[in-house]
Amino acid sequence: RHQSFREAFDAVNANFQTIFATLSDGDGYLQLESPEDPFAGGLNLVAHPKGKPVQRLASMSGGEKSLTALSFIFALQRYRPSPFYAFDEVDMFLDGANVERLAKMIQQQSQEAQFIVVSLRRPMIEAAQRTIGVTQARGQHTQVIGLDLTAHH
Amino acid sequence: RHQSFREAFDAVNANFQTIFATLSDGDGYLQLESPEDPFAGGLNLVAHPKGKPVQRLASMSGGEKSLTALSFIFALQRYRPSPFYAFDEVDMFLDGANVERLAKMIQQQSQEAQFIVVSLRRPMIEAAQRTIGVTQARGQHTQVIGLDLTAHH
Amino acid sequence: MYIKQLELTNFKSFGGTTVIPLLPGFTVISGPNGSGKSNLLDALLFALGLAGSKGMRAERLPDLVNHSQTRRGHSVVETRVTVTFALDVETEWRVTRRLRVTKQGTYTSTYAVNDQPCTLNELHDQLQAFCIYPQGYNVVLQGDVTSIISMNAKARREIIDELA
Amino acid sequence: MYIKQLELTNFKSFGGTTVIPLLPGFTVISGPNGSGKSNLLDALLFALGLAGSKGMRAERLPDLVNHSQTRRGHSVVETRVTVTFALDVETEWRVTRRLRVTKQGTYTSTYAVNDQPCTLNELHDQLQAFCIYPQGYNVVLQGDVTSIISMNAKARREIIDELA
Ligand SMILES: Nc1ncnc2c1ncn2[C@@H]1O[C@H](COP(=O)(O)OP(=O)(O)OP(=O)(O)O)[C@@H](O)[C@H]1O
Ligand SMILES: Nc1ncnc2c1ncn2[C@@H]1O[C@H](COP(=O)(O)OP(=O)(O)OP(=O)(O)O)[C@@H](O)[C@H]1O
Ligand SMILES: [Mg+2]
Ligand SMILES: [Mg+2]
């Protein structure tokens, strides 16, 4: 049990470091509260966005926290790759430049897996290969519109 | 105590109904869990966005919930008007059209009180009379830039 | 392998039958607040048995049936979602879940793979073979990013335990 | 009445002294993630005594002093925030809060109105006269909207109790 946890932790940690560096151009790593006996403690996400001192999640800004959490989610996904992923407005805390960076990463990953991303942000919508629009007129059911399946990239 | 609660509740409820109708073009009201003895129960926000059946907060979408909560905050503010208000990214859940509607409401209210609004969304930035930009280069302190104090409206 | 099509019948805000073709690669779903975007992801969770009613923002499973159905007074109302995967150019793999609710509020929920009935455990075993796991963060819901930030350190470590 | 100027000295990510003139009406603050926007609102909460350290996302009050100060090894470091209100065209009303932290980590926090020392209660009484209350939702922080949605019904009713 320790063995398989150790292996999973090391792989996810390595993923986290690479992904965090790409998404926010800083350094980050996963830190176990008790490295000798992992099951006795928890796990912290430690990261320092570009040029700042190392900090724990609690003292980061809203956007910095969400980039750190997203890097952790991507790191878990990379350890056990799956054929599809669906995201629901994970870009809501990010400024325009960070939305673009996240969209670029999804573009790269979408060559290996299918990504279905719900978003209201323009840089994300523009980066996708295609957009499915949904709408709901007064009191009606949800309609799916604009199924523009012609890839525009 | 009952008397002054009753008076505050009725006023905030009336404000909530008008504000919710403006922000999301539907009907909403405040509902006491035990109207005879308000202190024995809690308060629910009940609203039906345009053309939908009446629903409690729990079954609304992310954006519908945040418009309902924002209407409640505005209703409280209107009961005890103050000279200034500061908002920190309250528009993050909203789609473009709802950000514009919220921005319009803030524009109106800003004739009676000062509004300082932190936002990353373009419709909000465009609606303001002026924008203060902040930035932080690698490892430096926060710099305040672009103090464009010439009103552009 | 990718999801080739979603078919929803009377699921949440989707009345009647709605068919949504999908392509591999990067697809965005956009639209106004409250129009049904998150409901579409809930349909995916429902059909693949990846979340309970709470995870689909419903108090009880019967709340998932489109309201206009329940209001019509039928003795049994039903919602159904089918997810069609393309395993390769010629082979498809279809998962269907059907929820029937009586007027008294009792319900039955059944799963089927390629129209053959199966249990949730059998479905999960087959999904696992395709590397689709309930705890693998295949579907990241509105609010999951915030919950990773606010959960305690022990709960965060347990996420890796489950994947190990 | 409106806030005419904010002056921050060594407060969180603002090093040295930063003066920010403000005008009445509608002002937006924008900038990249992590650049210091929310810290500016924290400065307002700090000076007017509207929130404790938790409300300003600091574990303890001494964490509010700009890190580059604490690292320089001074025996006492200080952060100061002054909020200048324009009561009318000619009259100003200034509130200043100063936090001094020794190397051992002990600290003193003092308030002053127009440079005359006062207690937090005296400050709150004067703020109340201008209709600025701690529970009046003058400052809506990142996450307050979500907490109104997720709080229980009783806590929501108590918001009105406090205003009554
Ligand atoms: N069983 C049901 N029958 C009909 N409508 C339903 C049912 N369950 C939920 N809804 C409605 O679906 C709507 C929510 O849809 P959803 O959460 O998918 O919106 P969304 O597009 O994700 O919006 P946002 O951008 O605000 O997150 C709500 O208005 C809700 O009332
Ligand atoms: N005492 C301090 N000294 C120096 N820097 C600090 C101090 N306290 C907090 N910070 C830094 O300030 C930054 C956060 O700033 P803030 O929360 O204001 O960002 P923001 O502009 O609101 O970003 P977002 O758009 O992501 O919400 C963090 O990176 C944090 O490390
Ligand atoms: Mg949604
Ligand atoms: Mg912020």
Side-chain angles (χ1 to χ4, degrees), chain B residues 1 4-5 7-9 12 32-33 38-39 41-45 57 65-66 68-70 72-73 76-77 79-90 93 106-107 110-111 113-120 124-125 127-136 140-142 144 147 149 151, chain D residues 1-3 8 12-16 18-41 44-45 66 68 85 130-133 135-150 152-161 163-164:
Chain B
R1 191 173 169 220
S4 74
F5 177 86
E7 187 201 312
F9 174 77
V12 175
L32 286 167
E33 284 182 341
F39 299 105
L43 171 74
N44 283 310
L45 311 180
L57 265 187
K65 278 183 195 167
S66 92
T68 311
L70 275 171
F72 183 56
I73 289 176
L76 295 167
Q77 290 176 348
Y79 178 59
R80 284 235 189 271
S82 179
F84 83 91
Y85 296 106
F87 288 144
D88 196 351
E89 299 197 36
V90 295
F93 297 90
I106 293 175
Q107 267 178 341
S110 68
Q111 290 167 2
Q114 179 183 35
F115 275 81
I116 301 168
V117 177
V118 173
S119 174
L120 302 173
M124 189 66 76
I125 296 169
Q129 287 168 274
R130 66 200 72 86
T131 303
I132 293 178
V134 288
T135 185
Q136 191 174 9
Q140 301 298 323
H141 303 309
T142 293
V144 178
L147 259 174
L149 289 175
Chain D
M1 178 183 184
Y2 68 93
I3 300 174
L8 288 77
K12 287 189 124 184
S13 58
F14 292 83
T18 310
V19 177
I20 303 168
L22 291 166
L23 290 178
F26 186 3
T27 303
V28 153
I29 300 174
S30 204
N33 288 134
S35 56
K37 302 182 296 293
S38 298
N39 290 346
L40 209 50
L41 297 193
L44 205 53
L45 294 173
N66 182 280
S68 65
F85 290 90
F130 291 124
C131 297
I132 299 168
Y133 328 90
Q135 67 279 1
Y137 280 96
N138 279 77
V139 184
V140 180
L141 297 176
Q142 240 171 320
D144 279 0
V145 170
T146 321
S147 64
I148 285 201
I149 293 165
S150 42
N152 66 27
K154 189 160 164 298
R156 221 177 276 135
R157 197 249 308 137
E158 280 161 12
I159 295 175
I160 295 195
D161 296 359
L163 278 192

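These numbers were taken from a predicted model, which means no experiment stands behind them. Proteins get letters first, then strands, A, B, ... in listed order; numbering begins at 1 in each.
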Heavy-atom donor-acceptor pair, [X] side chain to [Y] backbone, under 3.5 Å:
X        : Y        : result
D/Gln142 : B/Asp88  : no
B/Thr142 : D/Ser35  : yes
B/Gln77  : D/Asn138 : no
D/Arg157 : B/Gly41  : yes

[X] versus chain B, heavy atoms under 4.5 Å apart: side chain, backbone, both or neither?
X        : result
D/Asp144 : neither
D/Ser68  : side chain
D/Asn152 : neither
D/Pro32  : both
D/Thr18  : side chain
D/Leu41  : side chain

Which one of [options] has the most heavy-atom pairs closer than 4.5 Å to chain B?
options                              : value
D/Gly31, D/Gly15, D/Ser30            : D/Ser30
D/Leu8, D/Thr146, D/Asp161, D/Leu141 : D/Asp161
D/Leu40, D/Ile160, D/Asn39, D/Ile148 : D/Ile160
D/Gly36, D/Pro24, D/Ser13            : D/Ser13
D/Glu158, D/Lys12, D/Lys37           : D/Lys37

For [X], which atoms come within 4.5 Å of any heavy atom of chain D: side chain, backbone, both, or neither?
X        : result
B/Phe93  : side chain
B/Glu33  : side chain
B/Leu45  : both
B/Val118 : both

Please examine the side chains of B/Arg130 and D/Leu23, heavy atoms only from C-beta on, and report whether any two atoms are closer than 4.5 Å. yes

Validation row: B/Tyr85, D/Val140 side chains within 4.5 angstrom (heavy atoms): no

With respect to chain D, which residue among [options] yields the maximal number of heavy-atom pairs within a distance under 4.5 Å?
options                              : value
B/Val12, B/Asn44, B/Val117, B/Leu70  : B/Val117
B/Glu7, B/Arg80, B/Lys65, B/Glu89    : B/Arg80
B/Phe84, B/Phe39, B/Phe87            : B/Phe84
B/Met124, B/Gln140, B/Gln114         : B/Gln114
B/Gly42, B/Ser119, B/Ser110, B/Ala86 : B/Ala86

State the [atom1]-[atom2] distance between [X] and [Y], to the nearest 0.5 angstrom.
X        : Y        : atom1 : atom2 : value
B/Ser82  : D/Tyr137 : OG    : OH    : 14.5 Å
D/Phe26  : B/Gln129 : CZ    : CD    : 8.5 Å
B/Ile116 : D/Leu22  : CD1   : CG    : 5.0 Å

With sequence neighbours left out, the residues meeting ring-ring contact (aromatic ring centres under 6.0 Å, His included) with B/Phe9 are none

